[in-house]
Amino acid sequence: MSNVSAYRASILHCLRDPGDDNEPLASAAVEYFEDGLLLVVDGYIEGVGPASELINTLPTDVQIVDYKGQLIIPGLIDCHVHYPQVDIIASYGERLLDWLEKYAYPAERKFVDANYAKEVAEFFVEELLRNGTTTACVFATVHPQSVEAIFEAASKVGMRLISGKVLMDRNCPEDLRDDPQTAYKQSRQLIEKWQGHGRLSYAVTPRFALTSSEKQLRGAGRLLQEYPDVYLHTHLAENEEEVEQVGRQFPWSRSYLDVYENFELLRERSIFAHCIHLNDDDRKQMAEQGAAIAFCPSSNLFLGSGLFELHAARQCNVRLGVGSDVGGGTSLSMLRTLGDGYKVLQLRGEKLTPFGGFYLATLGAAKALYLDDKIGSFAKGKEADFIVLDPARIDLLQRGGGTNDICSRLFAMFFLGDDRIVREAYLMGQARRPTRRAKIA
Ligand SMILES: [Zn+2]
């Protein structure tokens, strides 16, 4: 073992889906070491286990980074977020379709300016790290320069990230429209340049069915056939009014999902945000085709879109992750997002268990994104993306939220924790210390 780095802390990660299991530690779906050691070699996980056992196996010159009293977990994964919308987070008063017109489109218009895109992209990547998010599936805007900006910003810090140019050629402002030919051509150029470049992957990104012509959706399907490794990232069945309009716009369709399926956009590595107003036929179809759902509870509450049916999605075995959906969502913190997920499910009479939520933002999300061979847990050989949480940084967590076992401490972090408890974020074993810009007077 040469070039070893060792990190000592409490360490938690999932080995498989804990589901609704009440004893996931006992059944070994989740592994926890109160005094653990994480070993990293050349940016990859070498091993994890009790410190008392592993310390003796290390070469004598290995420096141990001591995070005792703190918690190391795999880097959190945000399966659906819009980086151009960071500055319209928490904008008042609208539901989806009006919210797009009033806030999202004016914000996205500014990304015609490459310098502006660069500034926002760098801020966004830094903000992800501050929140402990080490991988994200990200909407850009219709402008190719917005995609260049986010890939460059992620590349600079070595972050694993998925993004793509938004495709929209109808039902949106004139100056944010492309057309099927330019959409296809620009996407192709971006794929050729960025797909598989370092840790970056491309997603063909029609905004949603309403904003693309059939010709454009067909072009998106063609891109996926030509580049089978790229992702498809879009929205599906978020809001009732949207679902009705899709029915009118595509009168031949069996359902909203059927529109995407018809254009061959339903497949492995297809990521659909929201999926609130679906039925079991849709869910089964998604599971069969290997597509994934990004559950976005904070956004669904904020825009009043509806309550996601987690149990039904689980029953149908659809791949599942969580998304902040900022700017519809109100926090980039995946901890807070899980807290909102819990509240949504309470309203439905369902449960999101602490470890079940943790899985959705780590290994489950990695599986949803077909990246579970690379990230999401501390299995040997995975990329060493991890974060260090220090609950003592928040008084309330330190007091009540510290009640004994790891399960209840984790749960309290969903509600009381946020970027303040993220002490470090490591990407491929490199510390990317989150900086704080805002000055507190
Ligand atoms: Zn969205």
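This chain uses plain numbering: 1 for the first residue, then up along the sequence. When a ligand or atom number is given, it counts from 1 through the structure's own listing order. This is a predicted model, so every value here is computed, not measured.
No donor-acceptor pair closer than 3.5 Å links the side chain of S201 to the backbone N or O of Q195.
Between F386 and Y7, the gap from one ring centroid to the other is short of 6.0 Å. Aromatic ring centroids of Y370 and Y231 lie 6.0 Å or more apart.
Every residue two or more places apart in sequence or in another chain that forms a salt bridge (Lys or Arg N to Asp or Glu O under 4.0 Å) with E309 is listed here: R283, R348. Checked against ring-ring contact (aromatic ring centres under 6.0 Å, His included), H143 has no partners two or more places apart in sequence or in another chain. Partners of F302 by ring-ring contact (aromatic ring centres under 6.0 Å, His included), not counting sequence neighbours: none found.
Only protein N, O or S atoms were scored, and 4 of them lie under 2.8 Å from the Zn ion (ligand 1).
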